[in-house]
Amino acid sequence: MSKNKLLLIDGNSVAFRAFYAIQNFESFKTKSGLHTNAILFFNNMLDNIMQKEEPSHVLIAFDAGKTTFRHAFFDDYKAGRAKTPGEFKEQMPYIRELIEAFGIQHYELADYEADDIIGTLARRVSADDFEVVVISGDKDLTQLADKNIRVEVTTKGVSELTTYTPEFIKEKYGLEPLQIIDMKGLAGDSSDNIPGVTRVGEKTAIKLLAEYGSVEGLYEHLDELKPSKMKENLINDKEQAFLSKKLATIDVNAPIDVAVESLAYSGKDIDKLVPFYREMEFKQQLNKLDTTGLTGTSEPLTEISYEVVTEAATSMFSDGMSLYVEMLEPNYHTSDISGVAWGTKEKLYVSFGDDILSQDSFKEWLDDENLTKIVYDAKANQVALKRYGIDLKGVAFDVLLASYLIDTNDKSEDLAEVAFNYEYYDIDTDESVYGKGVKKGLPAEDSVLFQHLARKVKALASLQPKLDQLLVEKEQHELFYDMELPLSRVLGEMEIEGITVNAQRLQEMKQEFAVQLKGIEERIYELAEEEFNINSPKQLGVILFEKMQLPVIKKTKTGYSTAVDVLEQLKDQAPIVEHILEYRQIAKIQSTYVEGLLKVIQPDGKIHTRYVQTLTQTGRLSSVDPNLQNIPIRLEEGRKIRQAFVPRKKDWQIFSSDYSQIELRVLADIANDQHMREAFVEGQDIHASTAMRVFGLSSEEVTSNIRRQAKAVNFGIVYGISDYGLSQNLGISRKEAQQFIDTYFEKYPDIKTYMETIVREAKDKGYVETLWHRRRYLPDINARNFNLRTFAERTAINTPIQGSAADILKIAMIKMAKRLKEENMEATMLLQVHDELVFEAPKEEIVKLEQLVREVMENAVELSVPLKADSSYGNTWYEAK
DNA sequence: ATGCTCACG
DNA sequence: ACGTACGTGAGCATC
């Protein structure tokens, strides 16, 4: 017979811990502004515990009110506590609602604390045939621990639990559980304002209790103590000690009117939980409910009807349909196509695998520019279909792209998650249908796949008008239709084209670097007088800071920092440091670039990156698999990697063009700063010009060092400057850095005004925008937490600058692609690196290309300052510098 | 899965 | 007093 198990949870303390589990609670808010961090973490904790413990009975206890029986004999009990934040209080009613939806009873009792309720019930039932588990956010309840009562205390927020058994308490404190009360009597507890004995803390209390067993025992034998300050304190505070013990003692005989039978647990109340999660906007939790197969209890999705197609016919296709191409792998260059679905809300077609893609009527539909389609991730579809010789045309709407523009914070990749955000629920997540990790795969029944795909297509059709309306409301119609959607096509073409890589050159480098690394490695082992893993910051830290006793300059969360700036400072103190720096540099090039790139060269001899168009908060692109936006350039050793990037044909060249100072030009424009604008209009060296203005120098007086400092200040301005950041960058004191900043603002008052205005605007509206209305919401901008708030303020300053620059590049790319076609050029756009475009072209076209790229980039948009593009070319990307 | 380090703009 | 420059991706070690 299975034993009964009662789970008792201290609702207040766990909720409180849940609230502080995360610093950044401003990010956990519903659309209507309710904070949900404590609710969410409470939910997750509850889910974990219920799954782990599988209790037969459950109760969550709460404190009743402000005063308890303890206040009757001690007015100041729990006095002096900081006020509970409003963001926490507002969540408590919802936590109770959550508990009810979990099908769990909660209880509170006037004059008593949750501790007393738990203590009373625990003792009452543990006498019977009950195992009791107590969950709390603080250690007060550990005094209850015995062979039938296990006390678990949350740590790390609420994600982990520490088990307090009598054995554990013995080991940790050398005390029996009940002696915890005596310890509190002597040492007190500042959080509850329990006084204890003056100058007696946990350590002293434990020592005394080891000798005398309890507060009573101690005072009986007080004369045996040698005269000391401590003895005096004990004598003076005798009354306080007994009072404190009384305060700390949990009342295990509280008048509780609950029959344990009524606490029997019979499972979640799904009908309450689903709407509750929706109200709280807990998408993952909703998702989880679907996957746990709660058959019959959860609202099943509607079965929608669809037609399975093996032979496509022209009659199945019409203008304005939605299309979904299913791939299970993220890399759409290589992933299999598992199925295709299309249709309208009313009529849905599905087909298994990729057979349909070779059928003419299907191809003709996709290829027809006049038959528009609504899709999810147009670029992925474009690239994947191209492998079947299909040129996807007529994409009129991309749900993924639109949802990104509407809210860049929305990280959902899955259509179901996007749909949930817009209150469309008739769809499963991919994870719930295909699984995840090693178990990921197509469902056993084809009908499950078909149903899922049909739902997706229906969702696309349903979401499109909503999203389109939102784009209008946010003034993002043009951003979407004239910038992002056309760009997605251009990016797709670049990804399909790929860039040719000279694998042989990389192989040579691999050999050379291997030899070099071997040599440095040996030298390091010699100097360390032992072998260790140089790549391990932990092991390296032991060698440098323990064995060799070098001074610790910076620490990380987990140990000593061994980052470059730290090692640079230690260079003179031990020769090993220089070798480690060199090792690091070469090891990085070897593993990330030489070996990394060799791994991703495709059979066509090219590398095909993927640009992620819906990720960054600023509107920039990112590049993955591999990242071609961080190929080394600053140091010569790494820069050589670029020798491996070559044109696809003999007698062709790599051509590169980059915007000069685009971010500062954008700043000059949006801040409307006369001085900075003048410098650009007159074509001056902007950093030198800043140096002259800020330090009051003539152009001859600007040394390279002064220019360097001015450059750092300019960078700082773009990033939302702080004295600390600038001081770190320049290796000067904070005071000096602040002096620079002050002078800068004096000389460029319009920049200062811009910064103040944009931060003000962000605080009022909750978001900032680029020149083309790309939006970034800043939930932390009014946070009380200093770090979060100042970070959001810097972001408010930086995002319009970085984002508008990104917009300009995007416009230039669209225009460039168009012009290359119009001019019938063979030149091809291959890469984008934030302010740079890389092409390959026949030698004969270079002169024309040079003119064309300059013309397009410099006139991509019109600002109040000129845009400038510089270009170069050569046999490899290395030579195009 | 997470943290550290380091590559780029 | 607080502890940071803005935006990314990848490899490696460690848990």
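Order of the sequence lines sets the chain letters (A, B, ...), proteins ahead of strands, with each chain counted from 1. Basis for what follows: all heavy atoms, side chains included, without hydrogens, waters or symmetry-related copies.
- With rounding to whole Å, Ile721(A) atom CD1 is found 12 Å from dC6(C) atom C1'.
- Note on ring orientation: taking the six-membered ring where Trp is involved, the planes of Trp877(A) and Phe645(A) are perpendicular (angle over 60°, cut-offs 30° and 60°).
- Note on Thr790(A): every side-chain N or O is 4.0 Å or more away from OP1 and OP2 of dC2(C).
- Salt bridge Asp407(A)/Arg775(A): absent, no basic N to carboxylate O contact under 4.0 Å.
- Of the side-chain N and O atoms in Thr556(A), one or more sit less than 4.0 angstrom from OP1 or OP2 of dC4(B).
- Rounded to whole angstrom, the span from the CG atom of Leu628(A) across to the C1' atom of dG9(B) amounts to 14 Å.
- Looking at heavy-atom distances under 4.0 Å, Gly716(A) makes contact with a base.
- For the pair Lys752(A) and Tyr754(A), the cation-pi test (distance below 6.0 Å, angle within 45°) is failed.
- Rounded to whole Å, atom P of dC2(C) lies 17 Å from atom CG of Leu788(A).
- Within 4.0 Å (heavy atoms only), Arg776(A) reaches sugar-phosphate atoms of the nucleic acid but no base atom.
- Among the heavy atoms of the strands lying under 4.0 Å from Gln617(A) are primed sugar atoms or P, OP1, OP2 only; no base atom is included.
- Residue Arg634(A) is classed as a base contact, given a heavy-atom separation below 4.0 Å to a base.
- Contact annotation: Arg620(A) does not reach the phosphate of dC8(B) (side-chain N/O to OP1 or OP2, under 4.0 Å).
- Side-chain proximity of Thr616(A) to dC8(B), dT4(C), dG7(C): nearest is dG7(C).
- Among the heavy atoms of the strands lying under 4.0 Å from Asp835(A) are primed sugar atoms or P, OP1, OP2 only; no base atom is included.
- For Asn627(A), the side-chain atoms get nearest to dA10(C) when compared with the rest of dG7(C), dA10(C), dG3(C).
- As judged by a 4.0 angstrom heavy-atom cut-off over every strand, Tyr724(A) is placed among the base-contacting residues.
- Among the heavy atoms of the strands lying under 4.0 Å from Ile631(A) are primed sugar atoms or P, OP1, OP2 only; no base atom is included.
- Among the heavy atoms of the strands, none lies under 4.0 Å from Thr799(A).
- When distances run from any side-chain atom of Ser536(A) to the nucleotides dT4(C), dA13(C), dG9(C), the shortest one goes to dA13(C).
- Within the nucleic acid shown, Val624(A) comes within 4.0 Å of sugar-phosphate atoms alone, with no base atom in reach, counting heavy atoms only.
- Phosphate proximity of dC15(C) to Lys538(A): present, with a side-chain N or O under 4.0 Å from OP1 or OP2.
- Among the protein residues, Ala737(A) comes within range of no part of the nucleic acid, since none of its heavy atoms lies under 4.0 Å from any strand.
- Annotation for Glu793(A) and Lys763(A): closest pair OE2-NZ, 2.9 Å, computed over non-hydrogen atoms.
- Nucleic acid contact class of Asn533(A) (heavy atoms, under 4.0 Å, all strands): sugar-phosphate only.
- Of all the heavy atoms in Ile717(A) and Ile751(A), the pair that sits closest is CG2-CG2, 3.8 Å.
- Phe715(A) and His687(A) have parallel rings, their planes meeting at less than 30° on a 0 to 90° scale where 60° marks the start of perpendicular.
- One can place CD of Gln802(A) at 11 Å from P of dC6(C), the figure rounded to the nearest angstrom.
- Residue contacts for Ile801(A): at a heavy-atom cut-off of 4.0 Å it reaches no nucleic acid atom on any strand shown.
- If you take CD1 of Ile589(A) and C1' of dG9(C), they are 17 Å apart, rounded to a whole angstrom.
- When the P atom of dT5(B) is taken as reference, atom CD1 of Ile580(A) falls 13 Å away, rounded to whole Å.
- At the heavy-atom level, Gln539(A) lies under 4.0 Å from the strands shown only through sugar-phosphate atoms.
- Here Ser623(A) lies in heavy-atom contact (under 4.0 Å) with sugar-phosphate atoms only.
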